[in-house]
Structures are given as C-alpha cells and as structure tokens.
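This report concerns only the one structure given below.
Just so it is clear, the values below take in all heavy atoms, side chains as well, and ignore hydrogens, waters and symmetry mates. In this chain, numbering begins with 1 at the start of the sequence shown.
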Amino acid sequence: NSVHLTVKRKKQANGSAGEFIEVELMKGSKGLGFTIAGGINNQHIPGDNGIYVTKVMDGGAAFLDGRIAVGDRLMAVRNLPTGDFYLDDCSHEEAVKALKASKDRVCLLLAKS
C-alpha cells in the first residue's frame, strides 16, 4: 500500500500559480511609485476583478524596493487604521482610497505574476 499526496496551488485568473509576498514600502515624494488598474466594473483582465500593478516609476518607493513588478496582483493593504483591506473584490476607486489611507509605511500583500 502507498499513499500519494499531490499539492496544487489555486491558479490565478491569469493562469499562473503566483507566489504571495508581503512588501513594506515607505511613501516618498512620488508616493508609492506604482500605478494600478482593475477592479469591479473596470477589469484589467477580462473576467477578473483583481487589482494589478501596471507601471513602476523609476526612483519611486516600489522601484527602489525592487520586489514589485508590472503584472503583480495586489491582494491586500495590511496596515490601515481600520485594519486590513482586501482587494479581491473591490472597485478601482476603493483600492486607490485604501492605498491613500495608509500612513507613511504601507504593508502590501501581493501575488507575484
């Protein structure tokens, strides 16, 4: 007798198995240094309400940190005064509001593309 165990990761809507990472950024003169797209009624990927990084600005906080890349999916803003805000089913405007509501230190949960 033998037992075979198979571990499968839930696939992202974009078809990748994505690794989750937590990134802490300090807002600079250019803010967080990245732009986003997506959300309910503003899908970046058809059929997917996720919030995705669309640009990383040279010299910005995300660029200097080096772990955030175009195509990464933002899953949550973790250190808001009201607690964690999950971005899996929100509008683009709600995602922007959550990012702006964070203090100087922003903690993000990302799914790598």
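Under the 4.5 Å side-chain criterion, counting only non-hydrogen atoms from C-beta, Asn41 is not in contact with Asn49. Between Val106 and Glu24 the shortest side-chain heavy-atom distance does not fall below 4.5 Å. In this structure, the side chains of Ser102 and Arg78 stay at 4.5 Å or more apart for every pair of heavy atoms. Using a 4.5 Å heavy-atom cutoff, the side chains of Leu108 and Phe34 are in contact. Contact of the Met57 side chain with the Thr35 side chain is registered, since non-hydrogen atoms from C-beta on lie closer than 4.5 Å. Between Leu110 and Arg73 the shortest side-chain heavy-atom distance does not fall below 4.5 Å. With a 4.5 Å cut-off on side-chain heavy atoms, Val23 and Arg67 count as touching. Taking the side chain as every heavy atom from C-beta outward, Leu74 and Leu99 approach each other to under 4.5 Å.
Val70 and Phe20 are members of different hydrophobic clusters when ILVMFWY side chains are connected at heavy-atom separations under 4.5 Å.
Between atom CE of residue Met26 and atom CG of residue Asp65 there is a gap of 12.0 Å, rounded to the nearest 0.5 Å. Interatomic distance, Thr54 OG1 to His44 NE2, rounded to the nearest 0.5 Å: 6.5 Å. Here the OG-OH distance, from Ser113 to Tyr52, works out to 9.5 Å after rounding to the nearest 0.5 Å. In this structure, NZ on Lys97 lies 9.5 Å from OG on Ser91, to the nearest 0.5 angstrom. Remark: Ile36 CD1 to Asn42 CG distance equals 9.5 Å, nearest 0.5 Å. Taking CG of Asp58 as the start and CZ of Phe63 as the end, the distance is 4.5 Å to the nearest 0.5 Å.
A donor-acceptor pair under 3.5 Å is formed between the side chain of Asn79 and the backbone N or O of Cys107.
Salt-bridge annotation for Lys27 and Asp104: absent, with no side-chain N of the basic residue lying under 4.0 Å from a carboxylate O of the acidic one.
The minimum heavy-atom distance linking Leu64 with Gly59 is given by the pair CD1-O, 3.6 Å.
Of the residues Glu93, His92, Glu94, the one that meets the side-chain contact (heavy atoms from CB on, under 4.5 Å) test with Val96 is His92.
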